[in-house]
Amino acid sequence: MDRDSVQAPAIPGMEGPYDASRVETHWYDRWEDAGLFAPSDDTDREPFVIAIPPPNITGALHNGHVMFVAYQDLMIRWHRMRGRAALWIPGTDHAAIATQAVIERELRREGTSRHEIGRDEFERRFWQWRDTFGSRITQQLRRLGTSADWTRERFTMDEQLSRAVREAFVRLYEKGLVYRGEYLVNWCCEDRSAISDLEVEHETLDGHLWHIRYPLKDGGHIVVATTRPETMLGDTAVAVHPDDERYRDLVGGTAVVPGIGREIPVIADPEVDREFGTGAVKITPGHDPNDWRMGQRHGLPVVSILNDDGSLNDAAGQWAGMDRFDGRRAYVAYLEAEGLLERVEPHTHSLGHCQRDGSVVEPRISEQWFVNTRPLADRAAQAVHDGTLRFYPQRAAAEFLRWMEMIQPWCISRQLWLGHRIPVWYCRACGETMVARTDPDCCSACGSEDLTQDPDVLDTWFSSGLWPFSTLGWPDETPDFQRFYPTDVLETGSDIIFFWVARMVMLGLELTDRLPFHTVYLHGMARHADGSKVEKSNYQPGDDPAEIIEPYGADAFRFMIVTSTSEGADLRINLKRIEASAHFANKLWNGAKFVIGAMERADDETEAMAAPTIVDDWITAQFAALHADVVRLVESFQFGEAGRRLHEFLWSEFFDWYVEAAKIRLYSGAAGEARRAAATLAHVLEGSLRLLHPFMPSLTEEIWHHFRDAGGAPDAPEWLMATPIAEPPLSGDAEAVGQVRDLIAIVQGIRNARHESNVEPGRMIEARIILNGAAEFIERERAFVERLARVEPLSFHPHGTQFDDPAVTVRTAGVEVNLPLAGMIDLAVEHERLAREREERLADLKRAETLLSNEAFTQRAPAKVVDNERQKAAAARSALDQIEERLQALPPRS
RNA sequence: GGGCGCGUAGCUCAGCUGGUCAGAGCGCGCGGUUCACAUCCGCGAGGCCAUAGGUUCGAGUCCUAUCGCGCCCA
C-alpha cells in the first residue's frame, strides 16, 4: 500500500500505472501538430490510400464505428511505417434521407415543419446540423487515434464533391446509363419518397389470405385469393394459368371490380401459380411487381390507387381519402356485405418495410430516375473474376458476384429536400428536358427562360459511390487524384457491401475507368452482450465509445477489437476483454519501465559489453520469429493473429522469462554482463514497440519517447509513428532456442513439483540435475534455474547417477531433476504422482507404438512425422524406466 | 423459396493451405508484499472440438446428412 517504499529507480514521467487517457490525448495533438498524418511528399514512396467510410452526420459515432477505425488505422499506420506514402482521407456523409428525417423530427418538436419553414430555411438548418454533428464525429475519431489527414477532410455535400456528383450524373445520362421513366418503385409513405430495392427490408409476418368472389359480367364469379384486398380497387385483370382446366372456359371473359364497376379481362398467363390459393389471381399492375410485369406482357392499363402519403386516391371511388389500412378494412367489410367474401384464412407472407422508419413499403407507380446498372455490374463482376478485385473474407466475393448477376435498375431519385439536387431542368414553354453541368439560364430548344429544376434529389449512395475519387478532386486531374487514385484498400462493415462497395466499384470503373481500390476488407458487426447489433436504430446505454475509452483507453478498445475476432466475424463488445487489453497496456508500460531502468542502471561503459548468452540469443531469435510472423500476418490481413502473437510474445516470453532471467546479470553480474542484458532488453523493446504501434499507437508512442530519453534507438526518428518497420531479420539461433526451451521446461517442472509438495514459494531447496548426454548449457546457465526455480544448492550429475534418499523427481527436457525434500515429502503424494505420470507415459507410448506398427502410416506419412513419433516413443520408454526406478527407490507405503 | 455463416473449456472467443492445436482472456481452485507491474507473480483443474456417416496412414481442420442458432437475398 505504501507505494513510495518501492525501491525501483523511478523513471521520471513513468510513475504509477499506465494512464491511457492522459497519454492518448497528449500524443494525438503532437502528431497532428508535427504534420505526421499527411502522406509523405517523397514521390519515390508508393502511396497507400484508404478512403474512410464517411459516417452519416445523423448523430454521433457508436461502438460499431470504432471497428473501422481500429482496422483502418492499423493498416494506415502499418504501411506508413513500412515506407509507403500513407493517406487516410477522412470525411462525413450527408445521408440524405436519414438526416432529413432527424431534422424533421427536430422541427416537429419545435412545432413546425419543413413545409412551413421552406426549402431555404431547411437548408440552413441542415448546415447547422452538419456543423454540430460533423465536428462531433471528427472529435470522436481523433480521440480514437485516427491518423487521417484532416487537411483533406471532405463532406459529400462540399462544393467540389457536389460538382463531382453532377458530372457523374451528366456523364451517365449522356451515355444513356441514366434515364427517367415511369415504373413501379418501392414507395415509403412516411418519407413520401421512392426508395431503392436495397432500402426495403423484408420481414415474414403472420397475415391473412382473403378469398374473394370476383363477379363476372355474365353472371357467376371466379374466386381469387389475395393478401392485400384493397388493391382490388386497382385491378385491371384476373389471371389464371393457361393449362388450368378449372378456368379454361372463363379465359377471355370479363370480370367487374366490386364497388368500382370497372370491367376487366380474364387472361391466361403461365406465370400464374396454380397451387396458390384458388389458382386464379387478381392483377394489379400499379401495386405489385409481378403484376406489373404481367401487365406489360398483356398490355394492361395501370391504375394507381395511392396518394404519396399512402391514402387512397380518387381511383378508389367511395373509399378515396381513407388511409390504406383503414381502406382495407372498409373494403373488406363492403365485400362481405355484398356476399363476395368467401373466407379468410391465416397466412404468413413476406412484407417489405422501409429501412429507415419501418413503415410498410408500397409498390407504387411513379416517374423516377434510374441507373441502368446492368453494363456496370458486368464490368464489376469481371474485375472479381480477373482477380483484380479481392475480398477479405473471400466468401464476400461470391456474395458480391451473385448480387451483380441479379442486379436490377437502381432508382436514384428521392422525393426529398436534403441531398444533391438532380441536375435536370424542364422548359415550361416547350417541355424540353435539359441535363446540364451548369445551371441553364434559358431553354436550349426554344430559348424560354421559364425553366424549372427537377425537384428531386439523388439517393445518398450515389454521392458515396463516388467517394474514393470525388474526395481526391475528380473530375479534375488534380495532383492528389493523379498520385493517390486508385486507392488501395476499402475497409468497411459487411452490411454495406451492396449499398456502398458495389456502387463504388461500378461507378469507379465507369467514370474513372479504373477500380477505385484493389482490396475490400469487410469486418463484422459490433454486437451487444445479448447479441443484438450495435446500430443507431438500436442505440443502447453503453454504445457511446467514450464510456469505454475513458476508463480503458482507445488503445485497449482497439486492441480488443482487433484481437477478439477472426476475419469478418461479428464482434461482441465484451468489457472483460477490453479490460484484459487495458491490462496488457499496463503490462507493457511496466515492462518498459523496467527495461528503461535497466538501461540506466547498466549505463557503465568502463567495461566492455559481454558476449550474448544463449538466453540473449534465444530472445533475439524469438523476436526475429515474431517480427517475421507479424509482417506476414498483417500483410495477409490476419490482424487478429498478428495482435495475439504480439501479446503472447511480449507477455509470455519477453516479460515472464527473458526479463526475469536478465535480472541475474543486471543485479549481480559484472558491468559488461549487465550491459549486454540491457542491450538485449532494449533491442527487443524497441522492435516490439515498432510492431505494436499500429495496434496501440498512443501507448507505444509514449513509451518510445521515454525509451529514447534513456538513450534508446539514438539513430531512429523522434516519433515512433514515423519510424520504419524493417523487413524481418534472418531467423535466429535455433540451437539457443531449443536450449532455453529446455531450461524453461526444467524450471517449470521444479516449480510444479514444489507446489505439489507444498514447499513455501519463497523457500530455497536443493536440486540435483542428472544430465543425459550433452547438456553443458544447463550448467553454464545454472543461475537461470537457480533463480527462477528458487533452488540452492544446485548440483549436476552424470547419467545413471542414483540417489537413495527420499526425493521428488521430475523428468523433463531430457534430464532428471532430483529434489531431496527431506522431511517435506509426503510419500503417498509422491507415489500417486509417479503412478499418474506412469499412466500418462504409458498412454503416450501406446499411441506412438500403435501408429508406428501401422505400415500404412510408416510408408505414407512424411518421414518427418514418422520420425517424430519414433522420438516420442523413445522418450516415453526412457521416462518409464526412470519412473520405475523411482517407484522402487521410494520406501514402501504405509 | 435461394444463399451464407456459426455451433471448440463455466463465459467470450482464437485455431491460416489436414500430422506438438486441443489454445487465449475472463472466471474458478491452491499459494504468493522477490528490488517493472497485485491492472501483478507461481502452480493447477475444466473440452469424446453440436450429432451421424464418409474421404485419408492421419480430421475441430476436407465431404455429405441431421439438429440448433444467426444473417443475407427473393
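Residue numbering restarts at 1 for every chain, and letters A, B, ... go by the order of the sequence lines.
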> Please give, in whole Å, the distance from B:C41 P to A:Asp656 CG?
Replying inline: 6 Å
>> Side chain of A:Phe498, heavy atoms from C-beta onward: which of B:C71, B:C73, B:G15 has the nearest atom to it?
In response: B:C73
> Could you give the CG-to-P distance, from A:Asn574 to B:G10, as a whole number of Å?
Replying inline: 17 Å
> Which part of the nucleic acid does A:Lys587 contact within heavy-atom distance under 4.0 Å: base, sugar-phosphate only, or nothing?
Replying inline: base
> A:Trp657 side chain N/O closer than 4.0 Å to the phosphate oxygens (OP1, OP2) of B:G42?
Replying inline: no
>> Does the structure show a Watson-Crick or G-U wobble partner for B:C26, both distances under 3.5 Å? Name it, or say none.
In response: B:G10
> So, is A:Tyr667 close to the B:A36 phosphate, meaning a side-chain N or O under 4.0 Å from OP1 or OP2?
Replying inline: yes
> Tell me: CD of A:Glu405 to P of B:G2, nearest whole Å?
Replying inline: 18 Å
> Is atom CZ of A:Arg632 surrounded by more than 12 heavy atoms (other residues, nucleotides or ligands) closer than 6.0 Å?
Replying inline: yes
> Do A:Glu855 and A:Thr858 get their side chains close enough for a donor-acceptor pair, meaning under 3.5 Å?
Replying inline: no
> When you measure from the side chain of A:His583, which nucleotide among B:G15, B:U39, B:A36 comes out closest?
Replying inline: B:U39
>> Nearest to the side chain of A:Arg395, heavy atoms from C-beta on, is which of B:G5, B:G19, B:G31?
In response: B:G5
>> Using a 6.0 Å cut-off, check whether atom CD of A:Glu15 has over 12 heavy atoms from anything other than its own residue.
In response: yes
> Taking a pair as Watson-Crick or G-U wobble with both distances under 3.5 Å, which nucleotide is matched to B:C35?
Replying inline: none
>> For a quick test of reading the model: is some side-chain N or O of A:Arg644 closer than 4.0 Å to OP1 or OP2 of B:A24?
In response: no
> Within this structure, what is the NE2-to-P distance between A:His202 and B:C71, rounded to whole angstrom?
Replying inline: 16 Å
> When you measure from the side chain of A:Asn590, which nucleotide among B:C37, B:G32, B:G42 comes out closest?
Replying inline: B:C37
>> So if I take every side-chain heavy atom of A:Pro761 and compare against B:G15, B:A36, B:G31, which nucleotide ends up nearest?
In response: B:G31
> Taking atom C1' in both B:G31 and B:C4, what distance in whole Å separates the two?
Replying inline: 50 Å
>> So if I take every side-chain heavy atom of A:Ala861 and compare against B:G19, B:C26, B:C43, which nucleotide ends up nearest?
In response: B:G19
> Under a 3.5 Å cut-off for both distances, is B:C48 Watson-Crick or wobble paired, and to whom?
Replying inline: none
>> Using Watson-Crick or G-U wobble geometry with both distances under 3.5 Å, which nucleotide pairs with B:C62?
In response: B:G54
>> Which is more 5' along RNA chain B, the nucleotide nearest A:Leu198 or the one nearest A:Trp589? Just name the residue.
In response: A:Trp589
>> Using the side-chain heavy atoms of A:Arg402, tell me which of these nucleotides is nearest: B:G3, B:A36, B:G15.
In response: B:G3
>> Quick one: does any side-chain atom of A:Glu567 pair with a main-chain N or O of A:Tyr392 as donor and acceptor, under 3.5 Å?
In response: no
>> Taking pairing as Watson-Crick or G-U wobble with both contacts under 3.5 Å, can you name the mate of B:G1, or confirm there isn't one?
In response: B:C73
> What orientation do A:Trp651 and A:Phe584 show, parallel under 30°, tilted 30 to 60°, or perpendicular over 60°?
Replying inline: parallel
> Within less than 4.0 Å of OP1 or OP2 of B:C13, is there a side-chain N or O belonging to A:Ser564?
Replying inline: no
> Is there a donor N/O on one and an acceptor N/O on the other, under 3.5 Å, for the side chain of A:Arg577 and the base of B:U12?
Replying inline: yes
>> From CG of A:Asp570 over to C1' of B:A14, roughly how many Å is that when rounded to an integer?
In response: 16 Å
> Considering Watson-Crick and G-U wobble pairs with both distances under 3.5 Å, what does B:C21 pair with?
Replying inline: none
>> Let's test your reading of the model: under 3.5 Å, does the base of B:A36 pair with the side chain of A:Glu660 as donor and acceptor?
In response: yes
>> On the nucleotide B:G70, are OP1 or OP2 found under 4.0 Å from the side-chain N or O atoms that A:Lys533 carries?
In response: no
>> Which nucleotide wins on minimum distance to the side chain of A:His647, given the candidates B:G25, B:C43, B:G15?
In response: B:G25
> Of the nucleotides B:C41, B:U34, B:U39, which one has an atom closest to the side chain of A:Arg790?
Replying inline: B:U34
>> Using the side-chain contact (heavy atoms from CB on, under 4.5 Å) definition, which of the options A:Ile619, A:Val630, A:Leu692 pairs with A:Phe649?
In response: A:Ile619
>> On the side chain of A:His755, is there an atom forming a donor-acceptor pair with the base of B:C30 - under 3.5 Å, no angle test?
In response: yes
> Once the angle between the rings of A:Phe391 and A:Phe400 is folded into 0 to 90°, is it parallel (under 30°), tilted (30 to 60°) or perpendicular (over 60°)?
Replying inline: tilted
> Would you say a side-chain N or O of A:Asn758 is under 4.0 Å from OP1 or OP2 of B:C30?
Replying inline: no
> Are A:Arg572 and B:C13 close enough that a side-chain N or O sits under 4.0 Å from OP1 or OP2?
Replying inline: yes
>> So if I take every side-chain heavy atom of A:Phe857 and compare against B:U12, B:G19, B:C43, which nucleotide ends up nearest?
In response: B:G19
